[in-house]
Amino acid sequence: MNEYDSNRILDLTKKINYTPTDKLHEADCYILNTCHIREKATDKVYHDIGRVKKEFRNKSKPIVLIAGCVAQAEGDFLLNKEKYIDAVIGPQSYHQINDTISKLEKKLNPINITEFDVIEKFDNLNTIKNTDNKISSFLTIQEGCDKFCKFCVVPYTRGAEYSRSIDELIIEANQLVENGAREINLLGQNVNAYNFEGKKLSNLIQEISKIKNLKRIRYTTSHPVDFTDDLIEAHKNCKKLMPLIHLPVQSGSNRILEAMNRKHTIEEYLEIVKKLIKVKPDIKFSSDFIIGYPGETYEDFQRTVDLMTKIGFINSFSFIFSARPGTPAFKLDRINKKDAKDRLVKFQRVAEDIKTNYRINLINKTVSVLFENRMKSGKRYFGRDEHFNSVIVESENDLTGKLMNVKILKGNQNTLFGKISSMINLTNYAA
Ligand code: SF4
């Protein structure tokens, strides 16, 4: 979502004649869009500010603005501690960025803008064309969260659940496709909680899939509680919807899920997986895991490992519990650090073995790949298959934006390498 927000910040600041530069020393204004999901987020801000200070030593400093969730959660603290920062601006207030920059150009005092103006934000953004021109583009459809998992900062930094209207989303999706997008990844902190005047994510997917030149739709991140049958049916009916679902589970133990306030059980999670496989047998899953949550016993942890093995997640993001200030879990007694670390190592080994086996099985298989860009080195093109695996092929022809069948020849943990076998008949991709 920060990538989407950063692109929209660029669209906004163009209005006041700012353009992006990749040469730090040329910047008149430096905007750091931050994430607060794990520990050390604030340290990273200071580290980055240090880099800017070094670059501008003996020169007049650029306007320095901290955007995103660190600004939301720790704005006053940042402004007090680091005088080099001119303004902090929260994720629901960045439509005010041009005013803020204009004030700072006039050398006003440090500014803190961290209200939850989500309606005003999108009203404002809707008046500005989305100029992102990537083959695979992001589109924020929903923001915020009402779930209040005990470890998570999102409800405090992004605010309550809010869904954008279908009409404005169709307009923006069309803009992205006109700019060249062939895949749209619908974003939301709780993307499947999307609900605009009774229209759900499945309705939105159906509408977006009618855009002619759009070939693929993805969405992330889902919550099991909102995984309703209509969304499962969408995977059966919409050929443009890709068969990889990122469905965070966090733990394989019902006891820990309850302690986390995740609002579902493992049995309910497995039921969703079962239904999805029934309607779409080639569907795959990825997930997020917190290892060593306060109170996690070895038996709880072993249940998480068992779940990983049972579902065979083809990708996973696992971290030791990170206590975030302001969340209920912050005050809980943590488990022994070494135990948590040992468990993470064990878990990641199991996850890597599953991933490796899955990838070995892909060798000599043919997958459909949407190519996103030519790589810097040689005539190599980068794309992704339906399950979001990175695929690289060599080609004399420009493959950017093309959907091709690729035979996989080899792979490593991160990338598959293959050769083109044929172009895909796009009629197969009708909604
Ligand atoms: S559902 Fe997701 S975003 Fe919401 S509180 Fe839980 S982990 Fe955070």
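We count ligands from 1, going down the list as the structure has it; atoms in each ligand are counted the same way. As the structure is a computational prediction, the values presented were derived from the model and not from experiment.
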Contacts of Glu143 that satisfy side chain to side chain donor-acceptor pair (under 3.5 Å) - sequence neighbours left out
Gln92, Lys121, Arg158
To the nearest 0.5 Å, how far apart are CG in Leu65 and CD1 in Ile101?
6.0 Å
Should the ring pair Phe122 and Tyr162 be called parallel, tilted or perpendicular, given that the plane angle runs from 0 to 90° and is split at 30 and 60?
parallel
Numbered atoms and elements of ligand 1 in range of Phe151, under 4.0 angstrom, heavy atoms:
7 (S)
A cation-pi test, strictly: NZ or CZ of Lys284 under 6.0 Å from the centre of the six-membered ring of Phe313 and no more than 45 degrees from its axis. Yes or no?
no
Not counting sequence neighbours, which residues clear side chain to side chain donor-acceptor pair (under 3.5 Å) with Tyr358? List them please.
Asn389
At distances under 2.8 Å, what protein N, O or S atoms surround atom 4 (Fe) of ligand 1?
Cys145 SG
Looking at ligand 1, does Arg262 have a heavy atom less than 4.0 Å from it?
yes
Scan residues 175-204 for pairs that pass salt bridge (charged side-chain N to carboxylate O under 4.0 Å, His left out), counting only residues two or more places apart or in two chains.
Glu183-Arg216, Glu183-Arg218, Lys200-Asp230
Rounded to the nearest 0.5 Å, the OG atom of Ser163 sits from the CD atom of Gln142 at a distance of 5.5 Å
